[in-house]
Amino acid sequence: MTDVQSHGHPNGAVAAVPSGPADERYIPEFGPSTITRDDPRYDSMLRGTNHRFVGSPDYVRVVTRTEHVVAAVDEAVAAGKRIAVRSGGHGLENFVANAEVKVLLDISEMTAVYYDSGRRAFAIEAGATLGHVFRVLFKGWGVTVPAGMCPEVGVGGHFAGGGFGPLSRSLGAVVDYLYAVEVVVVGEDGRARAVVATREPGDPHRDLWWAHTGGGGGNFGVVTRYWMRSPDAVSSNPAELLPKAPAATRSGLAIWSWEGMTEEAFTTLLRNFGTWCENNSTAGTPQADLFPYFHGTHNSTQPGLMVGALIDDGLPGAEALMTAFLDEVAAGVGVEPAMRFQEVQPWLYAASYPGYGDPGNPGVRRFKIKAAYLRKGYSDAQIAAVYKHFTGEVYNPAQVLLVGYGGQVNTVAPDATATAQRDSILKAAYLGAWASEAEDEQNVGLIRDLFRDIYAHSGGVPGPDELSDGAYINYPDADLADPELNTSGVPWHTLYYKDNYPRLQQVKKRYDPRNVFRHALSIRLPE
């Protein structure tokens, strides 16, 4: 785990790093480091979180400065070698660990988080993990960003893909706070250069900034650094440039055992959850400060069915809001939860403690994930599909996770950022994890079957329609580009980007005209 580090302070105290040229800031002393096939470190560099995919690059280049990235990209392009970038390694498709990738650029040691007074924004290098970012922002200035609560996820892909977290219903998507981004791009001449793009209206590179507000990672170049600042911030005091972090988080949880859980009870529970989200996702309301979730698994696994929520415990009536939520979801189910409780924890513990949000364990690292945006709770037909797979004789490894969305996120126009889904109330993830390679084909097939049945009314994919609004690029699913699995007639890029896709293609044409940065779901050059 990445600990909070001091930057140039020998006593280990957490402090701001001076802004200015790179040589004035703390930078790891090693790098660039080249790891080739005969290096004993090589095998350790070939996998991300998903061990279903193993790369075989000619070499891995570990970088710690932007100039290292420029040189590495120049070298790879000149040699005609396919290049891919890894920060946290939590992308669950084979975009990086891919046999076609010959140069793996590892930016995970670019982890600095500091206040840049020149840009009046917080600079965050793209290799930093979310837990590290939360800790530094909180300890240094008491602020935060509404990012996800999986502490080992790298910001490199999370931010660019339109990341979200428990504070998004009250604060918005993380990209709504993106002020600027530094990207190493490759021109028509094959030469790499670093470009800083901001949201300033007069910035000639503003479209490149826009593309990184939800356009996904690995599409336009190598992100080396982000700058974050609230869109309406006018102060020069860094403690006023991002939202204040909560002092404490209240969590509520109700757990139902599968024992005695009839289909009628299951339907009522899941319908109640969706109805609550439909009725309580309006920005600015007290209920929008609550981050609700549902988690379900096959009836052969424990603990069973969970409904919970998180809220800033410092908000007025936080305990009453949590109680009302749990009461409404449980109403009429007819089966008492095996456990129900509320607890309060210091915010930093809940946001960055190891184990929160990270799937699997060291021995269970083979994954498949599928996703959807939901405009409404599940229909009865969709609930019936979930119940069928959760109670079937064949164990289905899929976990169904529904998490609250909407609120402040939905106050931003769909074309203001590349994150086009701005009227959804839930995000859905269908995630399976297992240990054995021998189980890959069967388990991937079972997860596909569940997804197909839930979205049978729309060609096996989530809309866009009145119920759903496409998919989330940070949970990439190459199946959406397979016409045998996506029979909707809606192309994968519409599911991810909707009407923003043509503009993203134009940004691709300008900043990556040679299509250097590409993968199975990358933005295509316009024809």
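Predicted model only: the values in this text are computed from it and were never measured.
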(request) Before giving the answer on salt bridge (charged side-chain N to carboxylate O under 4.0 Å, His left out), spell out for D469 and K376 the whole-Å C-alpha distance, their side-chain angles and the decisive distance to 0.1 Å. (result) CA-CA 10 Å; D469 197 22; K376 294 182 178 181; over 6 Å; no
(request) Output, in order, the C-alpha distance, side-chain angles, deciding distance and verdict of side-chain contact (heavy atoms from CB on, under 4.5 Å) for L130 and V155. (result) CA-CA 6 Å; L130 293 177; V155 303; 3.7 Å; yes
(request) Quick one: do L253 and M306 satisfy side-chain contact (heavy atoms from CB on, under 4.5 Å)? Show the steps, please. (result) CA-CA 7 Å; L253 183 65; M306 297 188 294; 4.0 Å; yes
(message) Evaluate V96 against H519 for side-chain contact (heavy atoms from CB on, under 4.5 Å), listing each step before the verdict.
(response) CA-CA 8 Å; V96 177; H519 51 72; over 6 Å; no
(request) For the pair F138 and T144, evaluate side-chain contact (heavy atoms from CB on, under 4.5 Å) and give the outcome as yes or no after the intermediate values. (result) CA-CA 6 Å; F138 183 76; T144 193; over 6 Å; no
(request) Could you check E278 against T275 for side chain to side chain donor-acceptor pair (under 3.5 Å), going step by step and ending with a plain yes or no? (result) CA-CA 5 Å; E278 290 175 19; T275 299; 5.0 Å; no
(request) With side chain to side chain donor-acceptor pair (under 3.5 Å) as the test, would you mind laying out the steps for T282 and Q287 before giving the verdict? (result) CA-CA 8 Å; T282 301; Q287 290 77 12; over 6 Å; no
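Between the S352 side chain and the L348 main chain, a donor and an acceptor come within less than 3.5 Å of each other. Remark: side-chain polar atoms of R229 are not paired, donor with acceptor, to backbone N or O of L178 under 3.5 angstrom. The closest donor-acceptor contact from the side chain of Y177 to the backbone of L171 lies under 3.5 Å. At distances below 3.5 Å, at least one donor-acceptor pair connects side-chain atoms of N50 with backbone N or O atoms of L92. Side chain of N94 to backbone of A97: no donor-acceptor contact under 3.5 angstrom is found. Of the possible donor and acceptor atoms, none in the side chain of Q345 sits under 3.5 Å from a partner among the backbone N and O of T249. A donor-acceptor contact shorter than 3.5 Å is absent between the side chain of T64 and the backbone of P32. Judged by distance alone, with hydrogens and angles left aside, the side-chain atoms of D106 form no donor-acceptor pair with the main-chain N or O of V62 at under 3.5 Å. Formation of a donor-acceptor pair under 3.5 Å by the E188 side chain with backbone atoms of R514 is not found in this model. Checked by atom type and distance alone, the side chain of N219 never pairs as donor or acceptor with a backbone atom of R518 at under 3.5 Å.
Residue K244 places its NZ atom among more than 12 non-hydrogen atoms of other residues, nucleotides or ligands, all under 6.0 Å distant. Within 6.0 Å of CG in D499 there are 12 or fewer heavy atoms belonging to other residues, nucleotides or ligands.
For the 3.5 Å distance criterion, the side chains of R86 and S108 fail to qualify, holding no donor opposite an acceptor. Between the side chains of H90 and E152, no donor N or O sits under 3.5 Å from an acceptor N or O. Side-chain N/O atoms of T66 and E182 include a donor and acceptor closer than 3.5 Å.
Looking at M322 and L290, their side chains come closer than 4.5 Å, going by heavy atoms from C-beta outward. In this structure, H205 and R510 have side chains that are in contact, with non-hydrogen atoms separated by less than 4.5 Å. Side-chain atoms of D203 and W209, non-hydrogen and from C-beta on, never get closer than 4.5 Å to each other. Using a 4.5 Å cut-off on side-chain heavy atoms (C-beta onward), T417 and R422 make contact. Side-chain contact between V63 and M110: present, with at least one pair of heavy atoms (C-beta onward) separated by less than 4.5 Å. No side-chain heavy atom of Y472 sits less than 4.5 Å from a side-chain heavy atom of T419. When side chains are defined from C-beta on, L241 does not count as touching W141, because their heavy atoms never get closer than 4.5 Å. Residues S230 and P243 form a side-chain contact, since some pair of their non-hydrogen atoms from C-beta on lies under 4.5 Å apart.
Contact detail for N474 and G162: the closest heavy-atom pair is ND2-N, 4.1 Å. Nearest heavy atom pair, residue R375 against residue K498, reads NH2-NZ, 3.5 Å. Listed here is the closest heavy atom pair of F220 and D512: O-CB, 3.9 Å. Pairing each heavy atom of V69 with each of T224, the nearest pair is CG2-CG2, 3.8 Å. When all heavy atoms of A211 and A418 are compared, the closest pair comes out as O-CB, 4.2 Å. Contact detail for F294 and F273: the closest heavy-atom pair is N-CZ, 3.6 Å.
Test R65, R225, H132 against E125 for side chain to side chain contact (heavy atoms under 4.5 Å, CB included) and you get one pass: R225.
Taking CG of N500 as the start and CD of Q421 as the end, the distance is 8.5 Å to the nearest 0.5 Å.
Taking the six-membered ring where tryptophan is involved, the planes of H493 and Y501 are essentially parallel, since the angle between them stays under 30° and well short of 60°.
Annotation: cation-pi geometry not satisfied between R199 and W210 (NZ/CZ under 6.0 angstrom from ring centroid, within 45° of ring axis). Annotation: cation-pi geometry not satisfied between K370 and Y475 (NZ/CZ under 6.0 angstrom from ring centroid, within 45° of ring axis).
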Result block: side-chain N/O donor-acceptor pairs under 3.5 angstrom for residues 307-314, not counting sequence neighbours:
| unit_1 | atom_1 | unit_2 | atom_2 | d |
| --- | --- | --- | --- | --- |
| D312 | OD1 | G314 | N | 2.8 |
| D313 | OD1 | R250 | NE | 2.7 |
| D313 | OD1 | R250 | NH2 | 3.2 |

